[in-house]
Amino acid sequence: TPTISMVVPSLNQGAFIRQEAKRRKLPIEVRVMNYLEVPSHEQFDRVVSVGMMCHIGPKYIEQYFDKVKQLTAPGGVCLLHFISKMEESLSVDPFVATHIFPGYWFNSVEGVTQRSVRRGFHVLDLENLRRHYAMTVHHWRRNFRRNFDEIKSVMKFDDVFMRAWEFYLASVVAGFTTGQMHLVQIVMSNGLCDEYPLTRHFLYDDTETMPSRAAQLA
């Protein structure tokens, strides 16, 4: 049985991950499907959701948390990684919603916590990586500008999209620098879990072993 089951929405993503898993000899099973299609009887010791919550939208956010609850075994641990605002609102940036990510929406830390606690999750740790992400996107934009012509040629993007994407990256740098946006990781357990480490040192210890069953939603 694979140690890690990854759920991705794209055939290209699935093919690349399978190739890399084989090359690195990693016990990863890749499923190309909507995360809601994961069978309801399956549960995992660890569940990780990376960067997808802002694409769920307010209409389906409760369904998303129901699925995370369903997939996390009793006593299991889940990590939700998401872009957020401090205060939740239905407003979105019209430029981003029209030209970059149609249907996007940011949860708030308060909203995520409330939705999780209502489902019996216990918050174990929460980290705001806002300043880290501001630097990350700064480097993305720098590298994009340095390789502008090559990216345009290889990807066959037109000038309008290339300028829109560069403007978007600049706006993201500004958003995280000024605190309009935050990148949050929240770790929770489904019910009590006293086995979770007391400090974050294990994050930097490569001897840490994987649990028997883990799932990543991307």
Side-chain angles (χ1 to χ4, degrees), residues 6-24 28 30-37 48-61 63-64 79-109 111-112 127-186 216-218:
M6 297 190 68
V7 179
V8 297
S10 163
L11 289 172
N12 289 339
Q13 281 180 310
F16 176 77
I17 295 169
R18 289 189 186 103
Q19 178 182 335
E20 285 296 298
K22 182 178 180 180
R23 182 177 69 84
R24 303 183 190 201
I28 295 177
V30 180
R31 308 186 200 182
V32 179
M33 60 168 59
N34 186 304
Y35 74 101
L36 294 173
E37 297 172 343
V48 178
S49 175
V50 179
M52 66 175 289
M53 196 187 298
C54 59
H55 302 290
I56 299 296
K59 183 177 179 180
Y60 300 104
I61 195 63
Q63 191 177 22
Y64 167 85
L79 181 147
L80 305 182
H81 166 106
F82 58 97
I83 295 175
S84 79
K85 291 186 175 180
M86 286 295 104
E87 291 186 306
E88 199 160 291
S89 71
L90 296 178
S91 65
V92 296
D93 182 272
F95 170 79
V96 176
T98 302
H99 300 287
I100 306 298
F101 293 124
Y104 93 94
W105 174 69
F106 293 145
N107 288 259
S108 67
V109 172
V112 169
E127 186 173 14
N128 190 338
L129 300 170
R130 176 186 65 82
R131 292 184 297 165
H132 297 259
Y133 204 58
M135 291 187 287
T136 296
V137 183
H138 167 74
H139 288 295
W140 284 351
R141 182 181 180 226
R142 182 196 62 183
N143 291 337
F144 180 80
R145 289 170 61 87
R146 285 179 177 175
N147 297 280
F148 190 96
D149 292 335
E150 182 179 357
I151 293 171
K152 179 182 176 182
S153 175
V154 171
M155 301 302 296
K156 309 300 182 185
F157 294 142
D158 60 21
D159 285 333
V160 173
F161 179 82
M162 293 293 287
R163 291 198 301 270
W165 190 257
E166 199 272 330
F167 177 79
Y168 162 69
L169 292 177
S171 71
V172 175
V173 173
F176 281 96
T177 301
T178 60
Q180 298 301 306
M181 296 185 291
H182 300 259
L183 186 70
V184 173
Q185 293 188 163
I186 183 170
Q216 177 172 326
L217 310 178

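This is a predicted model, so every value here is computed, not measured.
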So among I83, V137, T136, which one has a side-chain contact (heavy atoms from CB on, under 4.5 Å) with L183? I83
Show the atom names and distances, to 0.1 Å, of all donor-acceptor pairs under 3.5 Å that link a side chain in residues 172-181 to residues at least two apart or in another chain.
residue, atom, partner, partner atom, Å
T177, OG1, V173, O, 2.7
T178, OG1, A174, O, 2.8
T178, OG1, G175, O, 3.4

CD (E37) and CZ (R31) are apart, to the nearest 0.5 Å, by 11.0 Å
Atom CZ of F161 with >12 non-hydrogen neighbours under 6.0 angstrom: yes
Yes or no on side chain to side chain contact (heavy atoms under 4.5 Å, CB included) for D159 and K152, after CA distance, side-chain angles and deciding distance? CA-CA 8 Å; D159 285 333; K152 179 182 176 182; 2.3 Å; yes
Could you list the residues that satisfy side-chain hydrogen bond (donor to acceptor under 3.5 Å, both in side chains) with D158, not counting sequence neighbours? none
Validation: residues 54-61 side-chain donor-acceptor distances under 3.5 Å, sequence neighbours left out:
none

Do R18 and V32 have side chains that get closer than 4.5 Å, going by heavy atoms? yes
Could I get the full list of side-chain hydrogen bond (donor to acceptor under 3.5 Å, both in side chains) partners for Q185, not counting sequence neighbours? H81
Is the shortest side-chain heavy-atom distance between I151 and M162 below 4.5 Å? yes
Output the distance between atom CD1 (I186) and atom CG (N128), rounded to the nearest 0.5 Å. 11.5 Å
Would the number of heavy atoms belonging to other residues, nucleotides or ligands and lying under 6.0 Å from CD of E150 be above 12? no
S108 versus E87, closest heavy-atom pair with distance: CB-C, 3.9 Å
Without placing hydrogens or testing angles, list every side-chain donor-acceptor pair under 3.5 Å for residues 98-106, not counting sequence neighbours.
residue, atom, partner, partner atom, Å
T98, OG1, P94, O, 2.7
Y104, OH, D93, N, 2.6
W105, NE1, S89, O, 2.7

Do H182 and V109 come within less than 4.5 Å of each other through their side chains, counting heavy atoms only? no
Do S49 and Y64 have side-chain atoms, one donor and one acceptor, less than 3.5 Å apart? yes
Nearest 0.5 Å, please: how far is CG in N147 from CZ in R142? 10.0 Å
Please table the atom pairs, donor to acceptor, closer than 3.5 Å between any side-chain atom in residues 164-171 and protein atoms at least two apart or in another chain.
residue, atom, partner, partner atom, Å
E166, OE2, R141, NE, 2.5
E166, OE2, R141, NH2, 2.7
E166, OE2, R145, NH1, 3.3
S171, OG, Y168, O, 2.6

To the nearest 0.5 angstrom, please state how far the CZ atom of R130 sits from the OG atom of S84. 11.0 Å
